[in-house]
Amino acid sequence: MALELRLAPAAAEEERRLSEEDELLFQDIAREVGRLGIRETEVEAQGRRQEDAAAADGLLPLPAVPERPGQQGGLYRPPLSVTRVLSLVVQEAGPVPPPPTGVPGGRRVLDEWHFPGDHLGRGRAPVHQNFRAAGSVPPRATWSGDAYARARAFPGRAASTQLVEDIVLFLAKNEQTVLNMLFWGAPEDADAVAAVIVQHAVPLIESSHGTRLLVVVLNRCNHMLQEAIVARITRDHKKFFKICAARSGEVVSMINSCISEKSLELLRDAIVPWVTPFMMARLVTDSSRLMVVHALVQCVPHPYFAEFIFDAVATNCLALAIHPHGVSLLQSCLEHVGWTEKDNVLSKVSCCSTDLAQNRFGNYIVQYVLKQRNPSYLAIIASRFRSNYVTLSRQRYSSNVVETCLEVFNDRDRSNIVHELILYHPFRDLVSDEFANYVISRALTTCKVPLRDRLATAILSLQNVNRRHPHCLKMFNTLSELGYRY
């Protein structure tokens, strides 16, 4: 107990510091958008759409569910109140069981009681994917019949916060019931449930309990309900900026489920302010938000749809190339852009290939450039690697790049690699090296006969080489397969 009391101030201080950093970063983004005027008309249009949505209680016109056989209209009924919806859910789910023995008051903290293991993923609404929130965790609050009475006991903002938590936890606990009412219930009940899900989309995606329900709904609903949920989550760009940092996996799942261009437009407009060439230089180390940008790039219907992302990535391509999520984003962008933009990025990578090849993540983009087999890029990389093949061959990541060079280079550049390795003194250290032995083995299989004979002779002429050494087995097995006797 004493340890918890000591750790609580430190945790609160760390949370406050992170919140202040996000606040400062978002302010910088707003100033940059105002200074450059980037997509200002789209941002203003999105703001007007948000104001119109707020005036209508934040809900867009939506059909609750895809049309069912025999259903006659009624898809655009006015949404019912939260009280009516929850009463429907309570009536469908049945009475709430009493708390277990030994649990005082209304705070029930046993995970097995709140979230039994067999209530998720059964029935006619299966879950299509696994993610971080798939498992249950001990809830902070519980839903009971007097939830509204308990919420009214707290004045002001606390009452609405407590009420929202109760609603989210109740929806998560009765996930299968809610899904059945939404997709197979009566039209008026389905409309009401859809209205509650849209109204509480932000708390659902922020909650470890409600995220699963929200993702299932997004994967199975029609595009109009999906657009309403996405509009609710992205209506506050500052809030969405923080959600992408804290719940990046859930935002990526939401993006992957989008089936309409309207949904992608809403997400794009929310990302525009913090993905500019200037701000990308500060976000290259932000793994969470880079994952969100990468997911959007993979879903774009047309290259011009995410042109602003491509420009920012091209400006900071070298910084992204050495980041785990940045290199994936860079490769995805290269698959969507035209030849001019691609040539700009690949030329930069080729000029810095020596340093990138030795990086844990940068070596992948260098191999990507090599596999394009473009003579211009190959000539630049060959000139940068010249006189460095021994160093590159003995390094963990760059040795893979040298193996790729042996596959794609012409005979002259391949001969330069082999001669540089043979002339290294002592060559025996390369033969038994942990990484260079793979380069020599690849050279034996890719070089033509005169050059291969020269390399094989240099290996077989070495004295006191343990041919059964783990680092030499592959090389001497290759020699035997090629017909060389030793």
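Basis for what follows: all heavy atoms, side chains included, without hydrogens, waters or symmetry-related copies. No experiment lies behind these values; they were computed from the predicted model shown.
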| message | Within this structure, what is the NE2-OG distance for the pair H325 and S248, rounded to the nearest 0.5 Å? | response | 7.5 Å

| task | Fit a plane to each ring of Y377 and W339, take the angle between them on a 0 to 90° scale, and name the class: parallel (under 30°), tilted (30 to 60°) or perpendicular (over 60°). | result | tilted

| field | Any donor-acceptor pair under 3.5 Å from R384 side chain to T354 backbone | value | no

| Spacing of NZ belonging to K348 relative to OG belonging to S353, to within rounding of 0.5 Å | 15.0 Å

| message | Has R442 got a side-chain atom pairing as donor or acceptor with C405's backbone, closer than 3.5 angstrom? | response | no

| task | Answer whether the closest heavy-atom distance between the side chains of L264 and L296 falls below 4.5 Å. | result | yes

| query | Side chain of N363, backbone of V366: donor and acceptor closer than 3.5 Å? | reply | no

| task | Mark yes or no for whether S347, through its side chain, and N344, through its backbone, hold a donor-acceptor pair below 3.5 Å. | result | no

| Polar contact flag, side-chain donor to acceptor under 3.5 angstrom, S332-H294 | yes

| query | Taking it one step at a time, do K239 and I243 satisfy side-chain contact (heavy atoms from CB on, under 4.5 Å)? | reply | CA-CA 6 Å; K239 183 71 172 178; I243 291 175; 4.0 Å; yes

| request: Specify the closest pair of heavy atoms between I229 and A201, including all atoms of both residues, with the distance to one decimal. | output: CG2-CB, 4.0 Å

| message | What I'd like to find out is whether the side chain of E175 reaches to under 4.5 Å of the side chain of L179, using heavy atoms alone. | response | yes

| field | Student check: side-chain heavy atoms of F385 and V401 closer than 4.5 Å | value | yes

| query | Do we see a donor-acceptor contact under 3.5 Å between the side chains of S260 and E227? | reply | yes

| request: Can you measure from CG (N174) to CE (M181) and round to the nearest 0.5 angstrom? | output: 10.5 Å

| Is the closest side-chain heavy-atom distance between N219 and V216 below 4.5 Å? | no

| task | Quick one: pull up CG in L329 and SG in C317 and give me the separation to the nearest 0.5 Å. | result | 11.5 Å

| field | Check: T211 main-chain N/O paired with E250 side-chain donor or acceptor under 3.5 Å | value | no

| said: Within the 4.5 Å heavy-atom criterion, are V284 and I322 side-chain neighbours or not? | reply: no

| task | Assess the side chains of Q367 and T404: does a donor N or O sit below 3.5 Å from an acceptor N or O? | result | yes

| Taking all atoms of both residues into account, what is the closest heavy-atom pair of I255 and C299, and its distance? | O-SG, 3.9 Å

| query | From T234 OG1 over to I271 CD1, what is the distance, rounded to the nearest 0.5 angstrom? | reply | 9.5 Å

| task | Decide yes or no for L169 and H209: does some side-chain heavy atom of the first lie under 4.5 Å from some side-chain heavy atom of the second? | result | yes

| Is the backbone of P203 close enough, under 3.5 Å, to the side chain of S207 for a donor and an acceptor to pair up by distance? | no

| field | Taking every non-hydrogen atom, the tightest pair across A321 and N359 | value | O-OD1, 4.5 Å

| Geometric class of the Y304/H302 ring pair [parallel <30°, tilted 30-60°, perpendicular >60°] | parallel

| said: Please check this pair: side chain of E261 against backbone of P301, looking for a donor-acceptor N/O pair closer than 3.5 Å. | reply: no

| field | Worked verdict on I205 versus F240 for side-chain contact (heavy atoms from CB on, under 4.5 Å) | value | CA-CA 11 Å; I205 200 172; F240 183 68; over 6 Å; no

| task | Work out which heavy atom in N410 is nearest to a heavy atom in D413; give both atom names and the distance. | result | OD1-N, 2.9 Å

| request: Mark yes when over 12 heavy atoms from residues, nucleotides or ligands other than Y364 sit less than 6.0 Å from its OH; otherwise mark no. | output: no

| Checking side-chain contact (heavy atoms from CB on, under 4.5 Å) for the pair H237/W274: CA distance, chi angles, key distance, verdict? | CA-CA 10 Å; H237 291 178; W274 46 276; over 6 Å; no

| query | CG of L213 to CG of L218: how many Å apart, nearest 0.5 Å? | reply | 9.5 Å

| Taking the side chain as C-beta and beyond, is there a heavy-atom pair between N400 and F435 under 4.5 Å? | no

| request: Please lay out, stage by stage, how F310 and E341 fare under the test side-chain contact (heavy atoms from CB on, under 4.5 Å). | output: CA-CA 8 Å; F310 301 148; E341 295 81 1; 5.9 Å; no

| request: Could you give me the CA-CA distance, side-chain angles and deciding distance for K242 and E206, then say whether salt bridge (charged side-chain N to carboxylate O under 4.0 Å, His left out) is met? | output: CA-CA 10 Å; K242 295 181 179 179; E206 290 180 326; over 6 Å; no

| Going by heavy atoms in the side chains, are L346 and N374 under 4.5 Å from each other? | no

| Heavy-atom pair of closest approach, residues V275 and A312 | CG1-CB, 4.3 Å

| request: Flag yes if more than 12 heavy atoms outside Y438 fall under 6.0 Å of its OH atom; otherwise flag no. | output: no

| Shortest non-hydrogen contact from S263 to V230? | O-CG1, 3.8 Å

